[in-house]
Each structure stands twice: as structure tokens, then as C-alpha cells.
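Reviewing the structure listed below.
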There are 2 protein chains.
Amino acid sequence: MSKGDKKKDVTIHDLAQELKISPSTVSRALRGHSSIGEKTKKAVRELAKKRGYRPNAIASSLRTNQSNTFGIMVSWINRTFISSLIAGIEKAAREAGNRVIITQSHDIAELEKENLQALYDSRISALIVSLAMETRDYSHFSLFSKNGIPVVFVDRFPNKKDIHKVHINNFNAAFEATEHLIHQGCSRLAHFGGARHQAIYEDRRSGYIAALKKNNIDVDEKLILQGNSLSAEEGLMLAEQALALAPPPDAIFCANDTAAVSAIRYAKSKGIAIPEQLAIIGFNNDPICEIIDPPLSSIHHPAAEMGEAAVKQALAILAGKIETESARSVTLETHVVIRASSDKLGSLAKP
Amino acid sequence: MSKGDKKKDVTIHDLAQELKISPSTVSRALRGHSSIGEKTKKAVRELAKKRGYRPNAIASSLRTNQSNTFGIMVSWINRTFISSLIAGIEKAAREAGNRVIITQSHDIAELEKENLQALYDSRISALIVSLAMETRDYSHFSLFSKNGIPVVFVDRFPNKKDIHKVHINNFNAAFEATEHLIHQGCSRLAHFGGARHQAIYEDRRSGYIAALKKNNIDVDEKLILQGNSLSAEEGLMLAEQALALAPPPDAIFCANDTAAVSAIRYAKSKGIAIPEQLAIIGFNNDPICEIIDPPLSSIHHPAAEMGEAAVKQALAILAGKIETESARSVTLETHVVIRASSDKLGSLAKP
DNA sequence: CGGCAAAACGCAATCGATTGCATTATTATT
DNA sequence: AATAATAATGCAATCGATTGCGTTTTGCCG
């Protein structure tokens, strides 16, 4: 109760002394080393339990030079995609016997850098990162790579070679989303894009353009609305801009769901029928897709699986198992989820 | 690039040797100890930067017996409330110079216990917990409290005295939510409750009952629908049950938003007008409240602030500043957020 | 220039667990 | 029963930083 009760922890030395054996034997016994007799092992384990002994991971880490700790660096923890990603990482890391330290950059490059330093100081075994929106300079990651600490990027990754990453094929996903709209009969398709220096957004934009070209639809620059954060507010602004065009678009492929939902709400407020006058598809397949009316079509983005894949990737690197260049990059599958917001043909109602 | 490049880290010994001074001096210089000369400090700092020295937090922790690490134990990371809570904890902890290790119990008591052991092994400075839904036995927390490691409960806490916690006044919040419905003219109010062994749900239920009594409305047990996880599916079931009653309720106070949204959807599918025939209010004020149509009234639950408050509480305990019994429990403010789902009087439209 | 206090710095132990290399106890072999 | 062989266990250094206390250096005054 009072402040100063720092009962010292039981250590292997305490156990050793009580059993009149050496600390080395205790250490080996606890880890089931083969060269320790069964009776000794049993005695040690029993006393350990009896005294409430708990290994000191810090001391162990220092000696073995292995922290068994994964570091995570993301923009914001409280985002649907990110929190699912983290949930996946935590699960996979724990199952492999690792702890997880988490940090957030708030999308600020400077904070990202500071946090990376702190993670390094903790001597993490591996780092899993989804870049801050701001980040364009990747030099602070060399601190890890130069010291043999695996760095695996997830979702938002640097635009360069020789990195390990887990991602989705944003180009293809965007292509499919766009073609889906086209197949529904849309011909004036707008695109709401995110910050272009982030590869994921640039790829989604490219996929959109490629789909238009393949279907012989002219690419109209005015229909490409450049956003940045793709927040709800930004989505509203973009929707306003898009619908002010003459003629207005008959479809929108939005690079995330948050902004797409704003677009739906704005369009509805203007009395525009969705999907009849305006078909909309988002990206991520956030839970809000099912809540909004009409439900929002989207691209399923396997967040938790990406986290698990990132951990596996990191473990493979640590085990020295990544040899081929192709193994450096893991691409997970996405798929279009069709809901009412883009279902002009009524294919949902049929079955 | 190849596997075996474990360039050994630069240590204070390396710096010491190069400067022909002792490691103790380097250590003190880096920490700005007053008994070290200015020129020495400068020289040390410069060489440290030049050689890319980074302190080994593990070694430091071992020696000082301070890990500067907060442990978090929650049910699921990817839940709106929880992820915001964690975001708040991470922020406050970092600002106070602490790392954050995160674990999730998946609402399984056994996993919670295992994770707690692992956190203890990491010698965390303090623990912040939101209990697993399953948990009814709190004995594994004594491992921490007995060793002087602060444990602060957030949101879901044990039903006992002598614990530190950060919470909201669930009774009052529920009372206000219920009275709000009554003031809107409702008289047959249903309640969707969560697992009763969790104090937060029991308190919400009590608040609901108290509000009815105060307003001279008979408490009808059939109108209290007992849920457990209050998932979307469960919300659907409860809504079905509630609306099958004769006569059906004219309002629902649901102990979370997820289930409330399900209720809205179910009611709409049955052609029931909201809020005219059925007024609904949820709890948490999740983002979906604004997305669903009609927008869902709710109780604002300050997740991130609760996380920050929990960190402050833990730091205060560590500093030996918690003396009074009252200081052990921090209660944050909530408020009713009125939206269309319960606005029968149209007060929203007026201004 | 001697003397002394204050300022700088070094020694060596310490934190708790791990491990290479002995050393001792036990069992097997002939 | 003596010796080889094997199984068990112990010694002591180590990981990197910190710290109480002792030692050296510097600065200042008479």
C-alpha cells in the first residue's frame, strides 16, 4: 500500500541459493536444457513456482542480445485500417513469442523520426512500418537496415527498391473498381485521389486511368480531383467540386471510404440519386460501408492479414530465409465488394 | 545485405576508449551530469553523434531497474473505443518518455492471464487494463500490485475496492440517456444491456431503471433485453425480440452503438419510423453514429482522454502522489449527443 | 608557492541471466 | 575394482550502462 514497497524480485540466484546449486544450473533447468538431470529440473521448477519466480526479460535480452520485441510505427492507431493491422501484428507476433511496442507518428515526419530513434534504443528485433503521410525522406530507416534489423513496410511504403513490404496491388484494385463502374454503364468517371507522393495513391490513380483507356474513355483531367488526407471534410469539398462540373460525373472512384461516404452524403443532400445518377465506389471496405445508405461498394483491403504477413516476413528475414528478390515483397489479394452505391444494374437484387 | 552483418553497436566503452576517458564519464556526460566539465561533455556528445551512438535502453533498464515502459492489456485493438483509448495512452506515455507494449486478450480470460505474465516478465513500469469480457477472477493482477507496479483500469474494471481506475459515470450517463428519451415523449422504453458481471453494463442498466422510476414509469422486465457482447448480430436479435413484444416499445436505450445501429436497421427494414414510432439512443458515440440514417443519438465517451488520464494516474502513483482514497478513481465527463434517431420533438431542426 | 576546497574524473561493483569451458559425480565396461 | 565414458553441475566472464565512493586535477587565496 505505502509507496516504498519494492519487494525485490526473486532471481535465479535466490533459487540457486535455496537449492544449494549454482545459478547456471537453475538457468539451464528452467529452460529445459538437456544436460540437466531430471530431478534437478523438477526441483527447480517447483521452487520457482513456489517462490513466484518470473524471468527478467530485460536481463535476458541484454545477455542474449535478443529483445524478442517487434516495433510498430504507424500514423494513427485509431483508424479502422490501422487498428486492424495492429491487431494482426500483435496476434502473429505474440504467437511467435514476441512483444510489441507501438508508436504513432500522427503523420508527422519529425515525430516519426523521433519514434524510430526510441524504437532503435529499445533494440527491437524487427520494425513494421506504415509511413506517415508527410514522409518523403527515408534515410532514418537506414539506422535499422544497416544494423541488420529487418524493416517491413506495410501499406504505405517508400518509393524505392530493396525494401521489404507487404502490400496489395493498388493498381489492379483500382483498375477493377473502375471497370466495375464502367460495366455498370458509367462513362464520366471522376476520381478522388490521395497524396500523390504516396505510392498507394499514385497507383490507384494509375489504375483508374488505365481502366478508362482500356475502355476507350477519354481521360479528363478535370474529373481527377486531387485530395490529400482524404478526410471526411476533404471528401465533402471534393464532392462539391465534382458535382459542380458541367456536365457532372456519373460515377466516382474514391481512394478511400471516408471521403466516399462524404460524397454519398453530399450527393444525397443535393437530391442526386445513388447509384442511378451517381455511382460510387470507395476503398478499404471499412465497416461504415455497410452502415451508410446506400451501402458503399468498396475494395476489400485485408488489414489484419497484412499485419500477420508482415510479421511472418520479418521472422523469415531474421531466420535468414529471404533469398530471392521476389520474396521481399508480399502481395495480398483484394476484391471488389459490390453494394448498392454502385449497383446500377441491380445485380444484387437478383439472386 | 547478407545475413550475418551484425555490426556491433557503439557503446559508451567505445566512446570512452576513443576519448581516453572512462565509461563512467561518458555515461554522465551524455546525461548532462553536473560534475562533468563542459569541454568533456561537448567532446563526448560530438563523438557520440559522429559514431552514431545510441543508448541501449535494455542495459539501462537492467541497471536502473526502470523499464520506462507501460503495458496495455485490452480485449481487441481494432474496436473504435479501444483504438482511441490506446492512441491516447501512447501519446501521453510517449510525452512522459515511456514506451508502450500492447497486448490483446480477445476477451478470453486465459489469454489475458498469459499476456499479463509476459508483461510482468518485461518488468513494465505500469499497467493499464480494460478487462476481457470473460474475466471474473482478478487474482492475476496481484502479481503487479504486490510488487509495487501500478495497475490502472480503464472502462471495464473489477468490481472491488482498492483499485485505481479511470472511468465515466455509467449510471448517470444511462440515466441522462433514458431521461432524454422520456422527455421526447416515450413511455415504453426498452433497454439492450451487456454482460451484467461487467460493472459498466450493470451501471447502465441501473441508470436506466432509476430514470424510469424517477419519472414514474413502471419497470417492465420484459423490456430489458439481456445481451452479452452487444455485437451487430446480437443487436439484430435483440431488436427482433423487442419489436415482437406486444405492445412494442416506443424507445430503446442500447448500451452500445454497434447493437443500436443494428436495431435501427432492423426497425427500418420493418417499416418502423424512427424516431416517430421508435426512438433510439446508443452509447459510445462511435463514428457510425453520424453515418447511419437516421443519425444515432448517443453518449459521448471520451476514449482518448481516458487513455491520457490513465497514464497520468499511473505516473502519479509512481511518483507516490496518490494519497487520498478519492484520488484513486478518476471520473471523466460524458454528455448526451442528440441526433435524429431520438429527436421526436424536432429540436435539432429549430435553430 | 604552499595549501586547500571545489571541480572532474576513474574504479569497480552491480543489475539478472546466459554460456564456453572446466570440473565433479555417476554409470558403464572389462 | 580400476578406468573410461558419460552425465551433471559449477566457475567466471559477459552483455551495456549506472553509481557510490575514492582519487586526481584545477583554481584560488593568502
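Bear in mind that the values here come from a model prediction, so they are computed numbers and not experimental data. Chain naming here is simple, since letters A, B, ... match the order of the sequence lines and numbering starts at 1 in each.
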Query raised in the report: Does the salt bridge (charged side-chain N to carboxylate O under 4.0 Å, His left out) test come out yes or no for A:E95 and A:K91, once each step is laid out?
Result: CA-CA 6 Å; A:E95 288 173 352; A:K91 178 168 183 286; 3.4 Å; yes
Query raised in the report: Hey, does the side chain of A:D137 reach the backbone of A:S139 with a donor-acceptor pair shorter than 3.5 angstrom?
Result: yes
Report task. Decide if atom NZ of B:K312 counts as having more than 12 heavy atoms of other residues, nucleotides or ligands within a radius under 6.0 Å. Result -> no
Query - Residues in ring pair (Phe, Tyr, Trp, His ring centres under 6.0 Å) contact with A:F144, at least two apart in sequence or another chain - result: A:Y120
Query raised in the report: Using a distance-only test with no angle check, is there a side-chain donor-acceptor pair under 3.5 angstrom linking B:T331 and B:H167?
Result: yes
Query raised in the report: Over how many whole Å does the gap from B:I12 atom CD1 to C:dA12 atom C1' extend?
Result: 14 Å
Requested in this report: Can you sort out which residues in residues 40-67 of chain B have a heavy atom within less than 4.0 Å of DNA chain C? Ascending by number, please.
Outcome: B:T40, B:L62, B:R63
Would you mind writing out the side-chain donor-acceptor pairs for residues 81-88 of chain A within the sub-3.5 Å range, not counting sequence neighbours?
| unit_1 | atom_1 | unit_2 | atom_2 | d |
| --- | --- | --- | --- | --- |
| A:S83 | OG | A:R79 | O | 3.2 |
| A:S83 | OG | A:T80 | O | 3.3 |
| A:S84 | OG | A:T80 | O | 3.3 |

Report task. May I ask you to say whether B:K50 pairs ionically with B:E46, meaning some side-chain N is under 4.0 Å from a carboxylate O? Result -> no
Query raised in the report: Is A:R123 paired with B:D9 through a side-chain N to carboxylate O contact shorter than 4.0 Å?
Result: yes
Query raised in the report: Under 3.5 Å, side chain of A:H106 to main-chain N/O of A:A132, donor-acceptor pair present?
Result: no
Query raised in the report: Taking A:S75 for the side chain and A:Q104 for the main chain, is one N or O donor matched with an acceptor at less than 3.5 Å?
Result: no
**Report entry** Electrostatic pair B:K41:B:E38 at N-O distance under 4.0 angstrom
**Finding:** yes
Query - Nucleotides bounding contact with chain A, strand DNA chain D, heavy-atom threshold 4.0 Å - result: D:dA8 to D:dG16
Query raised in the report: For the helix from C:dC1-D:dG30 to C:dT30-D:dA1, how many degrees between its two end axes (five pairs per end), to the nearest 10°?
Result: 50°
Query - Selection: residues 22-39 of chain A, any non-hydrogen atom under 4.0 Å of DNA chain C - result: A:S24, A:S27, A:R28, A:R31
Query raised in the report: Do B:S27 and B:R31 meet the criterion of a side-chain donor-acceptor pair at a distance under 3.5 Å?
Result: yes
